[in-house]
Amino acid sequence: MTTTLWRNARLATMAGDQPWGWIENGALVAEDERIVWVGAEADLPPELKRATGTVTDLGGACVTPGLIDCHTHLVYGGMRSREFELRLQGASYEEIARAGGGIRSTVAATRAASEDELYALALKRLQPLLAEGVTTIEIKSGYGLNLETEARCLHVARHLQLTQPVTVRTTFLGAHAVPPEFEGRQPDYVDAVCAWMPALKAQGLVDAVDAFCEGIGFTPAQTRQVFEAARALELPVKLHAEQLSDQGGTQLACEFGALSCDHLEHLSPEGVAAMARSGTVAVLLPGAYYFLRETKLPPIAALREAGVPMALSTDHNPGTSPTLSLLLMLNMACTLFRLTPEEALRGVTVHAAQALGLAGEVGVLQAGARADFCVWDIAHPNELAYFFGRNPLLQVVRGGQVTAVFSDPQGVAA
């Protein structure tokens, strides 16, 4: 067993009742992959200090949990920059989708790509996220829309975890759009999605199941069918909900104890109440809101008042949020949605972990959690939301091991 001590740090643990879980002169001890002690350095138990094999002086740097990007579509082929131009010329998201663009164009490119090609593309997208301190990421399928390609995309996501210093949670999003071969036969496609699920689970490729409940997606009744199939396999669910209209999908998802409902610009008071009752996380996606030039804000004040935990994510995808900066999402969440900087950081740590079913495992610095954390060249964590276009990351530690070093933290200014 290897015991490691990190000392002389400002810790934003995101645990406890103190704002930010703040410890001004803190220390952290890990045994192998797990944190065994966090607190003020003056309170470090002598027996832990004696047992320590490696001591790292962080020079007064700020430490947060490793960041979590809890909603991405990272594995796909092709590019949709032309659609960006069309939207600037006045075409709506729905018009582009109904004309055969949107998700369907990405499906064609994804089906045509080999697994090696998809892996290379996804790796290139993952790297800038890792360079900003992401240690856990969710990756959805949904650009294959047949069993073979959906499995290929999920396998690529699993492969990324094997080759890169990141924890990957996979989500099956077969109910993303109706593929061309099922045109006019949407109920048959929903039947197919449900039929694929057991094989994908048996291959160990699925951690959760998602659907796009929307006028241009799937009806609440069809979404229920998908969720019932997931529940029969004991797979948790989440939902793209209330992005373009209020379909009541959130209330439906909460009936199934959904981990999260995501987007939520058109969320109703009834949906907010359902989330509060079920403990479902609201995943806010400011990148898509910005990129689509939306004007209807998610009901942030109502979510806050109801005590619904709010997570943030890049929603990286080729059509509506091609960002690869989770740090930028912190700033956007504050400027566009009026989250506080602390709410924003909680949104990419402790609440993002909850949205993935990993509460207490990652996203927090406390005994028992994985020793996943970031060392930053900042005096206070509110700077992470304050700056945009700046990356002050010094080091990344995942599972108690330094996985990236961008600068020596010792001597960082207080």
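These values consider heavy atoms only, across backbone and side chains, with no hydrogens, waters or symmetry-generated copies.
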Undergrad: Could you report the tightest heavy-atom contact between Thr13 and Gly21, atom names first, then the distance?
TA: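 Smallest heavy-atom distance, with atoms named: OG1-O, 2.8 Å.
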Undergrad: Is the closest side-chain donor-acceptor distance between Thr163 and Tyr119 under 3.5 Å?
TA: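 Result is yes, a qualifying pair exists.
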Undergrad: Please check if any side-chain donor atom of Arg398 sits under 3.5 Å from a side-chain acceptor atom of Thr167, or the reverse.
TA: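 Looking only at side-chain atoms, Thr167 and Arg398 do form a donor-acceptor pair, the distance falling under 3.5 Å.
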Undergrad: Do Gln18 and Trp20 have side-chain N/O donor and acceptor atoms under 3.5 Å apart?
TA: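 Trp20 and Gln18 do not have a side-chain donor-acceptor pair below 3.5 Å.
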Undergrad: So, Thr314 versus Asp69: side-chain donor-acceptor pair below 3.5 Å or not?
TA: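 Yes, Asp69 and Thr314 have a side-chain donor paired with an acceptor closer than 3.5 Å.
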Undergrad: Whether the side chain of Glu95 engages the backbone of Ser92 through a donor-acceptor N/O pair (distance < 3.5 Å, no angle test) should be reported.
TA: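 Checking the backbone N and O of Ser92 against the side chain of Glu95, a donor-acceptor pair under 3.5 Å is found.
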Undergrad: Please find the pair of heavy atoms, one from Leu118 and one from Gly77, that lie closest to each other, and give the distance.
TA: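 Answer, listing the atom of Leu118 first, then Gly77: CD2-N, 3.8 Å.
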Undergrad: Under 3.5 Å, is there a donor-acceptor pair between the Thr340 and Glu342 side chains?
TA: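 Absent: no donor and acceptor within the cut-off.
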Undergrad: Considering all heavy atoms of both residues, which atom of Phe227 and which atom of Ala211 are nearest to each other, and what is their separation?
TA: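 Nearest heavy atoms, Phe227 then Ala211: CE1-CB, 4.4 Å.
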Undergrad: How far does CG of Leu336 sit from CG of Leu297, to the nearest 0.5 angstrom?
TA: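 Answer rounded to 0.5 Å: 8.0 Å.
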Undergrad: Do Tyr386 and His380 have side-chain N/O donor and acceptor atoms under 3.5 Å apart?
TA: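 Per modelled atom types, Tyr386 and His380 side chains form no pair under 3.5 Å.
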Undergrad: Strictly below 4.0 Å, N to O, side chains only: are Arg80 and Glu85 in salt-bridge contact?
TA: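 No, no charged N to carboxylate O under 4.0 Å.
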Undergrad: ring-ring contact (aromatic ring centres under 6.0 Å, His included) for Trp196 and Tyr189? Distances and angles first, verdict last.
TA: CA-CA 11 Å; Trp196 300 337; Tyr189 180 65; 5.7 Å; yes
Undergrad: Salt bridge check: are Asp207 and Arg158 linked by an N-O gap of less than 4.0 Å?
TA: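 Here Asp207 pairs with Arg158 in a salt bridge, since their nearest N and O are under 4.0 Å apart.
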Undergrad: Check Arg304 with Glu343, please: is the shortest side-chain N to carboxylate O separation under 4.0 Å?
TA: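 Yes, Glu343 and Arg304 are salt-bridged.
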Undergrad: Under 3.5 Å, is there a donor-acceptor pair between the Asp262 and His240 side chains?
TA: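 No - no donor-acceptor pair under 3.5 Å links their side chains.
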Undergrad: Take atom CD of Gln89 as the centre, draw a 6.0 Å sphere, and report whether it contains more than 12 heavy atoms from other residues, nucleotides or ligands.
TA: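 Yes.
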Undergrad: Could Glu183 and Arg104 be called an ion pair, given the rule that one side-chain N must be under 4.0 Å from one carboxylate O?
TA: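 Judged by the 4.0 Å cut-off on N to carboxylate O distance, Glu183 and Arg104 do form a salt bridge.
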Undergrad: Please determine whether the number of non-hydrogen atoms from other residues, nucleotides or ligands lying under 6.0 Å from atom CZ of Phe388 exceeds 12.
TA: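 Counting neighbours around CZ of Phe388, 12 or fewer heavy atoms of other residues, nucleotides or ligands fall under 6.0 Å, so no.
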Undergrad: Angle between ring planes, His73 versus Tyr143, binned at 30° and 60°: parallel, tilted or perpendicular?
TA: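 The arrangement is tilted - the two ring planes meet at 30° to 60°.
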Undergrad: Using a distance-only test with no angle check, is there a side-chain donor-acceptor pair under 3.5 angstrom linking Glu132 and Ser325?
TA: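 Side-chain D/A pair, Glu132 to Ser325: present.
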Undergrad: Taking everything shown except His155 itself, do over 12 heavy atoms lie less than 6.0 Å from its NE2?
TA: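 Open.
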Undergrad: For the atom pair OG1 (Thr64) and CZ (Arg346), what is the distance rounded to the nearest 0.5 Å?
TA: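 So the gap between those two atoms works out to 12.0 Å.
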Undergrad: OG of Ser268 to CD of Gln247: how many Å apart, nearest 0.5 Å?
TA: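 Between Ser268 OG and Gln247 CD, I get 11.5 Å after rounding to 0.5 Å.
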Undergrad: Quick one: do Arg7 and Asp57 make a salt bridge, cutoff under 4.0 Å?
TA: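 The answer is yes: the pair qualifies as a salt bridge.
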Undergrad: Should we count CD of Glu305 as having more than 12 external heavy atoms under 6.0 Å?
TA: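 It does not: Glu305 CD has 12 such atoms or fewer within range.
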Undergrad: Are any of the side-chain nitrogens in Arg169 or Glu138 under 4.0 Å away from the carboxylate oxygens of its partner?
TA: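 A salt bridge is absent here (no side-chain N lies under 4.0 Å from a carboxylate O).
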Undergrad: Other residues, nucleotides and ligands only: do more than 12 of their heavy atoms fall within 6.0 Å of CZ on Phe182?
TA: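 Buried by this count: over 12 neighbours within 6.0 Å.
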Undergrad: I'd like to know if Arg111 and Glu181 make a salt bridge, using a cut-off of under 4.0 Å between side-chain N and carboxylate O.
TA: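 So Arg111 pairs with Glu181 through a salt bridge.
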Undergrad: Could you walk me through whether Val364 and Thr349 pass the side-chain contact (heavy atoms from CB on, under 4.5 Å) test, one step at a time?
TA: CA-CA 7 Å; Val364 66; Thr349 55; over 6 Å; no
Undergrad: More than 12 non-hydrogen atoms from neighbouring residues, nucleotides or ligands closer than 6.0 Å to CD on Glu255, yes or no?
TA: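 Check passes, neighbour count above 12.
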Undergrad: With rounding to the nearest 0.5 Å, note down the distance linking OG1 in Thr135 to CG in Leu129.
TA: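 The OG1 atom of Thr135 sits 11.5 Å away from the CG atom of Leu129.
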Undergrad: Between Arg224 and Phe218, is NZ or CZ placed under 6.0 angstrom from the six-membered ring centre and within 45° of the ring axis?
TA: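 Verdict for Phe218: no cation-pi partner in Arg224.
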